[in-house]
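Here the structure is a predicted model, which means the values were calculated and not measured.
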Amino acid sequence: QVQLVESGGGLVQAGGSLRLSCLASGRTFSNYAMGWFRHAPGKEREFVATISRGGGLTDYADSVKGRFTISRDNAKNMVYLQMNSLKPEDTAVYYCGIGSTYRSTRAADYDYWGQGTQVTVSS
């Protein structure tokens, strides 16, 4: 069975940084693009970042561009999200997704998700 486990969330002050990690198992990791999405209460699941299967191409939501960086280590079956200059608007549960050969900004293109990790940014 495919499993994704996120970690690294927590409480941080505005302007601070966090690095989220996602460990994948049960699938040939290097064959798939990966994505990060977030979900705040009362809102739709929102695209954050995606990375190609080889790690050479990335896309970001306009709201995080220049502040967040997605990366992957295929030898370790891991994907990361480095978050800098955090804002209260970034507060949400962050999810790692797998499922598409090519990177995508659409949640429907991913077929497996982790349990999520909470990120809370205080004013």
What's the shortest heavy-atom distance between [X] and [Y], and which atoms?
X: Arg67; Y: Ser85; value: NH1-O, 3.0 Å
X: Gln118; Y: Val93; value: OE1-CG2, 3.2 Å
X: Val79; Y: Met34; value: CG1-CE, 3.8 Å
X: Ala14; Y: Pro88; value: CB-CD, 4.2 Å
X: Ser17; Y: Gln82; value: CB-NE2, 4.1 Å
X: Ala49; Y: Leu81; value: CB-CD1, 4.2 Å

Can you check whether Thr101 reaches Asn31 side chain to side chain, under 4.5 Å on heavy atoms?
no
Any side-chain heavy atom of Thr69 sitting closer than 4.5 Å to one from Tyr60?
yes
Please step through side-chain contact (heavy atoms from CB on, under 4.5 Å) for the pair Leu4 and Ile98, ending with a clear verdict.
CA-CA 8 Å; Leu4 301 172; Ile98 190 172; 3.8 Å; yes
Of all residues at least two apart in sequence or in a different chain, which pass the side-chain hydrogen bond (donor to acceptor under 3.5 Å, both in side chains) check with Glu46?
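If we apply the side-chain hydrogen bond (donor to acceptor under 3.5 Å, both in side chains) test to Glu46, skipping adjacent residues, the hits are Arg38.
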[X] [atom1] to [Y] [atom2] distance, which is reported to the nearest 0.5 Å:
X: Leu23; Y: Ser7; atom1: CG; atom2: OG; value: 8.5 Å
X: Asn77; Y: Cys22; atom1: CG; atom2: SG; value: 10.0 Å
X: Tyr32; Y: Asn74; atom1: OH; atom2: CG; value: 13.0 Å
X: Glu6; Y: Cys96; atom1: CD; atom2: SG; value: 5.5 Å

Test side-chain contact (heavy atoms from CB on, under 4.5 Å) applied to Met83 and Val119, step by step:
CA-CA 10 Å; Met83 305 184 294; Val119 172; 3.9 Å; yes
Only residue of Arg72, Arg53, Met78 satisfying side-chain contact (heavy atoms from CB on, under 4.5 Å) with Phe29 is Arg72
Measure from NZ or CZ of Arg106 to the centre of the six-membered ring of Phe47, then state whether that distance is under 6.0 Å and the direction lies within 45° of the axis.
no
Ignoring hydrogens and angles, tell me if any N or O in the side chain of Tyr110 forms a donor-acceptor pair with the backbone of Ser104 under 3.5 Å.
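Confirmed, Tyr110 side chain pairs with Ser104 backbone.
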Under a 3.5 Å distance rule, please check whether Ser52 uses its side chain to pair with a backbone N or O of Ala33 as donor and acceptor.
no
For Tyr94 and Phe68, take the angle between the two ring planes, folded into 0 to 90°, and tell me which bin it lands in: parallel under 30, tilted 30 to 60, perpendicular over 60.
tilted
Candidate pair Tyr95 and Thr117, rule side-chain contact (heavy atoms from CB on, under 4.5 Å), full reasoning
CA-CA 7 Å; Tyr95 296 91; Thr117 185; over 6 Å; no
Would you please test Tyr102 and Thr50 for side-chain hydrogen bond (donor to acceptor under 3.5 Å, both in side chains) and show each step?
CA-CA 9 Å; Tyr102 301 101; Thr50 184; over 6 Å; no
Identify whether Trp113 and Val48 are in the same connected component of the hydrophobic contact network (ILVMFWY, side-chain heavy atoms under 4.5 Å).
no
Would you say Phe37 ends up clustered with Leu57 if hydrophobic residues are merged whenever their side chains have heavy atoms under 4.5 Å apart, either directly or through other cluster members?
no
Test Leu20 against Tyr80 for side-chain contact (heavy atoms from CB on, under 4.5 Å), laying out the working first.
CA-CA 6 Å; Leu20 306 184; Tyr80 307 95; over 6 Å; no
Taking the basic N atoms (NZ, or NE/NH1/NH2) and the acidic carboxylate oxygens, is any pair closer than 4.0 Å for Asp90 and Lys87?
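Judged by the 4.0 Å cut-off on N to carboxylate O distance, Asp90 and Lys87 do not form a salt bridge.
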So that I can tick it off, tell me whether Lys65 and Asp59 are bridged by a salt bridge, with the cut-off set at under 4.0 angstrom between side-chain N and carboxylate O.
no
